[in-house]
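By convention in this document, chain letters (A, B, ...) are assigned in the order of the sequence lines, proteins followed by strands, and residues within each chain are numbered from 1. It should be emphasised that the depicted structure is a prediction, and the values quoted were computed from it without experimental measurement.
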There are 2 protein chains.
Amino acid sequence: MANRSCIIRLSRYKNAIIRLKSLNFVRVFSDNLADAVGVTPSQVRKDFSIFGITGNKRGGYQIDTLLEQLNSILGKDSIQKIIVVGIGNIGKALLRYSGFAKSGIKIIAGFDIDPAKYNKESEVPILGLEVMAEYIKANDIKLAILSVPDFAAQQVLELLLPAGIKGILNFAPICLRGPQDCVINNINIEMELENVIYFVNVSGKTRGS
Amino acid sequence: MANRSCIIRLSRYKNAIIRLKSLNFVRVFSDNLADAVGVTPSQVRKDFSIFGITGNKRGGYQIDTLLEQLNSILGKDSIQKIIVVGIGNIGKALLRYSGFAKSGIKIIAGFDIDPAKYNKESEVPILGLEVMAEYIKANDIKLAILSVPDFAAQQVLELLLPAGIKGILNFAPICLRGPQDCVINNINIEMELENVIYFVNVSGKTRGS
DNA sequence: TGTTCGTTGTGAAAAAAATCACAATAAATG
DNA sequence: CATTTATTGTGATTTTTTTCACAACGAACA
């Protein structure tokens, strides 16, 4: 019933709502959200109805309540600890990226195979791969961002899984797949570009982004 | 008939094929690709059939031919020039990222609003936003990566569109939408993480990544 | 060269997702 | 307080996507 695209839409609604809230909106209608996210109003209402989110006939949805409900559905009511594996270009950028804090995500450590990158003293310590499993267990980490080169991805995955990682955001340009009990989302920038290029070439046919 | 998910699968097949080729495979069967990408063999065959890609009964698909066909469909038979707008953490990482070259994508310039980031002498010049439109026109650029802060994204979009940009990969954490004739793919890292978190919390239900 | 075997290609069927359409009803209005 | 009006919530319908199933057929092999 609630598939990946549905959850992604929920996140998008949440983003739109945050923006509307900052514009001092107090309530919001399904067609406001529809416009903001690029779907139909009934899609919005159906998505909400799947999760038992209800509004007021003629009154729309109360922004504060809605935001709470979405956060709770999306599991964002507590801070989520995460590690970054692979401190290359992208890994470094993610470590420095400040946007996570405001969305309740905290990077608590980085790991790399190259000792030159270690830095035990910094706020977010960069440690060696050989201590990673231990660290994951000791700190009860469930989430990891993988930003290692493609050839290393599978190998690192084999380290992460037995250590207890249950969710991975993979930036390595290879379509990683794990066991049933571990969620892996792949972000492949080249592939995304390829996709843009395709649709530019067929001259701008519409598609959901 | 050929929607976004279909094109994304095509890219995934291509990746898998490249890997198989490097393992000295000469031909490949629909179920090899299915395994590699995590779909059913009939899905693979149907996708191919949409684009008129055919193999040999009992003989599978010739890897070299297949790769050529996919590249041609995906518009990757010539080098694609692209610019990066916003030279922050992610923008910088992308400029340094070496993976694009091998997939026929060439970053030819970066742009930022901050003069401290200008660097006209480097291999990939970093220029000011005020010369961007001119540069895009002069060099006939159709593609841009947007890695500016969310509050600037819409404004930069307004600069890119009239200058002739037809395809955008947007990293700003806001769901950008443009006119019919411009393709925009949004990559929102927080949203992707949120998605992973959701599915970890509902304990590892399967979903297409 | 004839037979077997395995894989493709695709129309038909099933499943999933999105949209429609409208009754229900709460807010606004007078 | 009665009436109007705008919006929700959802069952029914339509559309889209995926899977099934199997005939067709080329490669392998004897």
Side-chain angles (χ1 to χ4, degrees), chain A residues 1-13 16-17 20 25-67 69-70 73 195 199 205-209, chain B residues 1-13 16-17 20 25-67 69-70 73 195 198-199 202 205-209:
Chain A
M1 197 116 214
N3 57 2
R4 177 162 138 91
S5 9
C6 177
I7 302 303
I8 287 192
R9 284 197 302 270
L10 245 46
S11 282
R12 293 204 169 131
Y13 301 147
I17 291 164
L20 291 172
F25 279 57
V26 169
R27 60 189 205 180
V28 67
F29 302 108
S30 58
D31 62 338
N32 300 146
L33 292 175
D35 287 349
V37 168
V39 300
T40 63
S42 20
Q43 176 88 82
V44 176
R45 298 201 299 274
K46 177 131 288 172
D47 285 340
F48 285 0
S49 111
I50 287 171
F51 291 96
I53 293 178
T54 71
N56 305 312
K57 309 243 161 176
R58 197 174 163 156
Y61 303 85
Q62 212 65 25
I63 276 205
D64 288 320
T65 322
L66 189 50
L67 204 49
Q69 287 172 300
L70 288 176
I73 290 165
N195 196 252
F199 284 102
K205 298 237 165 55
T206 332
R207 353 89 320 123
S209 106
Chain B
M1 197 115 216
N3 57 3
R4 178 164 138 91
S5 8
C6 177
I7 302 303
I8 287 191
R9 285 197 301 271
L10 246 45
S11 282
R12 293 205 170 129
Y13 301 147
I17 291 163
L20 291 172
F25 279 59
V26 168
R27 59 188 206 181
V28 67
F29 301 107
S30 59
D31 62 338
N32 299 146
L33 292 175
D35 288 349
V37 168
V39 299
T40 63
S42 19
Q43 177 87 82
V44 176
R45 297 201 298 275
K46 179 131 284 178
D47 285 341
F48 285 0
S49 108
I50 288 172
F51 292 96
I53 293 179
T54 70
N56 305 312
K57 309 241 158 170
R58 196 174 164 157
Y61 303 84
Q62 211 65 23
I63 276 204
D64 288 320
T65 321
L66 189 50
L67 205 49
Q69 287 172 302
L70 288 176
I73 291 166
N195 196 251
Y198 174 83
F199 284 103
V202 300
K205 298 237 164 56
T206 331
R207 352 92 317 125
S209 107

A.B. asks: Could you give me the CA-CA distance, side-chain angles and deciding distance for B/Asn3 and B/Cys6, then say whether side chain to side chain contact (heavy atoms under 4.5 Å, CB included) is met?
C.D. replies: CA-CA 5 Å; B/Asn3 57 3; B/Cys6 177; 3.1 Å; yes
A.B. asks: Remember a base hit wins even if backbone is also touched, and classify B/Ser49 as base, sugar-phosphate or nothing at under 4.0 Å, heavy atoms.
C.D. replies: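 Sugar-phosphate contact only - B/Ser49 comes under 4.0 Å of backbone atoms but never of a base.
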A.B. asks: Tell me the closest heavy-atom pair linking B/Arg4 and A/Asn195, and the distance in Å.
C.D. replies: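 It is NH1-OD1, 2.7 Å.
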A.B. asks: Please check the phosphate of D/dT17 (OP1 and OP2 only) for any side-chain N or O of B/Gln43 closer than 4.0 Å.
C.D. replies: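 So the side chain of B/Gln43 is outside the cut-off, no N or O lying under 4.0 Å from OP1 or OP2 of D/dT17.
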A.B. asks: Evaluate side chain to side chain contact (heavy atoms under 4.5 Å, CB included) for B/Leu10 paired with B/Phe51, printing each intermediate quantity in order.
C.D. replies: CA-CA 10 Å; B/Leu10 246 45; B/Phe51 292 96; 3.5 Å; yes
A.B. asks: Rounded to the Å, how far apart are A/Ile53 CD1 and D/dT10 C1'?
C.D. replies: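 Those two atoms, CD1 and C1', are 16 Å apart.
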A.B. asks: To the nearest 0.5 angstrom, please state how far the OG atom of A/Ser30 sits from the NZ atom of A/Lys46.
C.D. replies: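 Reported value, rounded in 0.5 Å steps: 13.0 Å.
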A.B. asks: Are A/Ile73 and A/Ile53 close enough that some pair of their side-chain heavy atoms sits under 4.5 Å apart?
C.D. replies: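 Contact flag for A/Ile73/A/Ile53 side chains = yes.
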A.B. asks: Tell me which residues in residues 28-35 of chain A put a heavy atom below 4.0 Å from DNA chain D, sorted by number, or none.
C.D. replies: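 Those residues are A/Phe29, A/Ser30.
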A.B. asks: State, yes or no, whether a side-chain contact exists between B/Val44 and B/Val37 at a heavy-atom distance under 4.5 Å.
C.D. replies: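 The answer is no, as the side chains (C-beta and beyond) never meet within the 4.5 Å cut-off.
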A.B. asks: Hey, is the side chain of B/Lys46 pairing donor to acceptor with the base of D/dT19 inside 3.5 Å?
C.D. replies: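 When only heavy-atom distances are counted, B/Lys46 does reach the base of D/dT19 through a donor-acceptor pair under 3.5 Å.
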A.B. asks: Shortest non-hydrogen contact from A/Ala34 to A/Thr40?
C.D. replies: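 Looking at all heavy atoms of both residues, the closest pair is CB-C, 3.6 Å.
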A.B. asks: Hey, where on DNA chain C does chain A first and last touch, going 5' to 3'? Cut-off is any atom under 4.0 Å from a heavy atom.
C.D. replies: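 Under 4.0 Å from chain A, the extent on DNA chain C is C/dA17 to C/dA28.
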A.B. asks: Kindly state which residues belonging to residues 54-65 of chain A come within less than 4.0 angstrom of DNA chain D, counting heavy atoms of the residue only, listed by number.
C.D. replies: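 Heavy-atom cutoff 4.0 Å gives A/Thr54, A/Gly55, A/Asn56, A/Lys57, A/Arg58, A/Gly60, A/Tyr61.
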A.B. asks: Roughly how many Å is it from CZ in B/Arg9 to C1' in D/dT16, rounded to a whole number?
C.D. replies: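 Roughly 12 Å, once rounded to whole Å.
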A.B. asks: May I have the distance from B/Arg4 (atom CZ) to D/dT16 (atom P), rounded to whole angstrom?
C.D. replies: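 Roughly 18 Å, once rounded to whole Å.
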A.B. asks: Output the rounded distance in Å from CZ (B/Phe48) to C1' (D/dT19).
C.D. replies: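 B/Phe48 atom CZ is separated from D/dT19 atom C1' by 17 Å.
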A.B. asks: Closest nucleotide of DNA chain C for B/Arg45 versus for A/Ser42: which of these residues is on the 5' side?
C.D. replies: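 First, find each residue's nearest nucleotide; the 5'-ward one identifies B/Arg45.
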A.B. asks: Looking at A/Phe29 and A/Gly59, what are the two nearest heavy atoms and their distance?
C.D. replies: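 Between these two residues, the closest heavy atoms are CE2-C, 3.6 Å.
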A.B. asks: Which part of the nucleic acid, if any, lies within reach of B/Thr40 when heavy atoms closer than 4.0 Å are counted: base, sugar-phosphate only, or nothing?
C.D. replies: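 Sugar-phosphate contact only - B/Thr40 comes under 4.0 Å of backbone atoms but never of a base.
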A.B. asks: Below 4.5 Å, heavy atoms only, C-beta onward: do B/Phe48 and B/Leu66 meet side chain to side chain?
C.D. replies: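 Yes, their side chains come closer than 4.5 Å.
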A.B. asks: I need the CZ-P distance between B/Arg27 and D/dA27, as an integer number of Å.
C.D. replies: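 My rounded result for the distance is 9 Å.
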A.B. asks: Any idea which heavy atoms bring A/Arg45 and A/Tyr61 closest together, and the distance?
C.D. replies: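 A/Arg45 and A/Tyr61 have their closest heavy atoms at CG-OH, 3.8 Å.
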A.B. asks: Does the side chain of A/Ile63 come within less than 4.5 Å of A/Arg27's, by heavy atoms?
C.D. replies: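 No, side chains not in contact.
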